[in-house]
**Q** 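I am attaching a structure below and will ask some questions about it afterwards.
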Amino acid sequence: MEPMTARGRTVVPAREGRALRLSAGQRVSIVDLEGGQVGDVFAFAADDVTEHLSASHTRAATNRLFPAVGQQFVTDRRRPILTLVSDTSPGWHDMLIAACDPARYAALGAEGFHASCAENLRLALASLGLAVPVTPQPVNVFMRIPVDGQELRWLPAASRPGDAVTFQAAMDCVLVVSACPQDLVGINGGRPTPLAVDLLPDLN
Ligand SMILES: [Zn+2]
């Protein structure tokens, strides 16, 4: 697995994950190449990866289920780590659902190995020589989980080919993107596809 180090595009193959280091101020776009694909995004403080982007702390900071453009994601120590800079998708993203993992697929009836976002996170961090003790709740870009009172629904992602969300690092951090391998629940339309991670030119 090749960690992304240079400016440019890294394709995250369907069912796989990739990690990259971001310096504070750098911007990165996550692109749904074919449309209808969920990406699980994780971020960790570069100087201490036990500090991670926290969905619950972010919801408390923003008073929203998912930040609006211009708002920030914060860590479990309540420090800003990413800013949501832009979003060309229909705007469906999830910050309620845990990363898929081997136990999830076993419960859904999968037999034998099934790729998962939790395992992709572990492998992607390992490509940078890093490891974390827990799987944080991810930022699930393009994932469409509408809330109806106390009920959640699991709908196919509505993102179109080329739709992108762009984040700016608020601190030096490690970003991980997993092209979610879920094919037993309909969030990816039953057909996992690749994503791209574009590191954008620095602002002057
Ligand atoms: Zn997943």
Side-chain angles (χ1 to χ4, degrees), residues 17 19-30 32 37-101 103-104 116-118 120-122 124-125 130-155 157-159 163-178 180 182 185 187 195 197:
L20 63 150
R21 294 184 180 277
L22 295 178
S23 300
Q26 282 191 306
R27 294 169 303 143
V28 68
S29 288
I30 299 167
D32 188 352
Q37 174 63 41
V38 169
D40 284 38
V41 179
F42 306 87
F44 303 87
D47 57 0
D48 178 0
V49 293
T50 67
E51 180 178 4
H52 58 81
L53 189 162
S54 166
S56 59
H57 294 81
T58 297
R59 293 193 302 266
T62 60
N63 290 316
R64 292 174 55 90
L65 290 171
F66 196 88
V69 168
Q71 289 187 317
Q72 293 187 304
F73 300 83
V74 301
T75 70
D76 56 327
R77 296 173 206 170
R78 301 189 192 270
R79 297 200 298 159
I81 186 166
L82 295 177
T83 304
L84 181 58
V85 171
S86 67
D87 178 10
T88 71
S89 81
W92 287 104
H93 308 288
D94 168 75
M95 219 165 54
L96 295 174
I97 302 297
C100 61
D101 54 26
R104 171 71 163 151
S116 67
C117 291
N120 287 345
L121 169 64
R122 191 184 68 77
L125 287 176
L130 299 170
V132 293
V134 296
T135 301
Q137 187 186 329
V139 171
N140 296 310
V141 295
F142 310 125
M143 188 173 181
R144 187 156 58 123
I145 304 286
V147 178
D148 179 9
Q150 296 292 319
E151 305 282 331
L152 301 179
R153 297 174 65 203
W154 298 63
L155 299 180
S159 41
D163 276 345
V165 286
T166 300
F167 302 104
Q168 183 170 33
M171 66 169 74
D172 293 350
C173 62
V174 176
L175 190 80
V176 176
V177 178
S178 170
C180 181
Q182 180 60 265
V185 172
I187 58 169
L195 299 170
V197 181

**Q** I'd like to know whether T50 forms a side-chain hydrogen bond (donor to acceptor under 3.5 Å, both in side chains) with R77, so could you lay out the CA-CA distance, the side-chain angles of the two residues, the decisive distance to 0.1 Å, and finally the verdict.
**A** CA-CA 10 Å; T50 67; R77 296 173 206 170; 2.8 Å; yes
**Q** Start with the C-alpha distance between V185 and R104, add both sets of side-chain angles, then the distance that settles side chain to side chain contact (heavy atoms under 4.5 Å, CB included), and finish with yes or no.
**A** CA-CA 11 Å; V185 172; R104 171 71 163 151; 3.8 Å; yes
**Q** Tell me, do P67 and V139 make a side-chain contact under 4.5 Å, heavy atoms counted?
**A** no
**Q** Hey, can you tell me if F66 and F73 have their rings parallel, tilted or perpendicular (30° and 60° cut-offs)?
**A** perpendicular
**Q** After noting the C-alpha distance and the side-chain angles of F167 and L22, does the key distance pass the side chain to side chain contact (heavy atoms under 4.5 Å, CB included) rule?
**A** CA-CA 11 Å; F167 302 104; L22 295 178; over 6 Å; no
**Q** What's the spacing between R153 CZ and I145 CD1 if we round to 0.5 Å?
**A** 10.5 Å
**Q** Where is the tightest heavy-atom contact between V49 and A131, given as atom of each residue plus distance?
**A** CG2-O, 3.7 Å
**Q** Within the 4.5 Å heavy-atom criterion, are N120 and F42 side-chain neighbours or not?
**A** no
**Q** Just how far is it from atom CD of Q168 to atom CD of Q26, taken to the nearest 0.5 Å?
**A** 9.5 Å
**Q** Could you grab the distance from atom OG of S116 to atom CG of D40, nearest 0.5 Å is fine?
**A** 9.5 Å
**Q** Would you call V141 and S159 a side-chain contact if the rule is heavy atoms closer than 4.5 Å?
**A** no
**Q** I need the Q137 CD to H57 NE2 distance, nearest 0.5 Å.
**A** 11.5 Å
**Q** Is the backbone of D148 close enough, under 3.5 Å, to the side chain of E151 for a donor and an acceptor to pair up by distance?
**A** no
**Q** Check step by step if side chain to side chain contact (heavy atoms under 4.5 Å, CB included) holds for D101 and T135.
**A** CA-CA 10 Å; D101 54 26; T135 301; over 6 Å; no
**Q** Please report the shortest heavy-atom distance between F142 and I30, naming the atom on each side.
**A** CZ-O, 3.7 Å
**Q** Between atom OG1 of T58 and atom CG of L65, what is the distance when rounded to the nearest 0.5 Å?
**A** 12.0 Å
**Q** Are I187 and C180 packed together at the side-chain level, in the sense that at least one heavy-atom pair is separated by less than 4.5 angstrom?
**A** yes
**Q** Taking all heavy atoms of A99 and all of A118, pick out the closest pair and write down the distance.
**A** CB-N, 4.3 Å
**Q** Under 3.5 Å, is there a donor-acceptor pair between the side chain of T88 and the main chain of A164?
**A** yes
**Q** Tell me the closest heavy-atom pair linking A169 and L82, and the distance in Å.
**A** CA-CD2, 4.0 Å
**Q** Would you compute the distance between atom CZ of R79 and atom CD of Q72 and round it to the nearest 0.5 angstrom?
**A** 12.0 Å
**Q** If we only count heavy atoms from C-beta on, is the L195 to D32 side-chain gap below 4.5 Å?
**A** yes
**Q** For M95, is there any backbone N or O sitting under 3.5 Å from a side-chain donor or acceptor partner on N140?
**A** no
**Q** List the steps, then state whether side chain to side chain contact (heavy atoms under 4.5 Å, CB included) holds for M171 with E51.
**A** CA-CA 12 Å; M171 66 169 74; E51 180 178 4; 4.2 Å; yes
**Q** Write down the atom of L175, the atom of A43, and the distance for their closest heavy-atom approach.
**A** CD1-CB, 4.2 Å
**Q** Could you tell me if the side chain of D172 sits less than 4.5 Å from the side chain of D47, heavy atoms only?
**A** no
**Q** For C117 and S178, which heavy atoms make the closest approach, and how far apart are they?
**A** SG-OG, 3.1 Å
**Q** With a 4.5 Å limit on heavy-atom distance, are the side chains of S54 and T75 in contact?
**A** no
**Q** Less than 4.5 Å apart, side chain to side chain, heavy atoms only: is that true for H93 and V165?
**A** yes
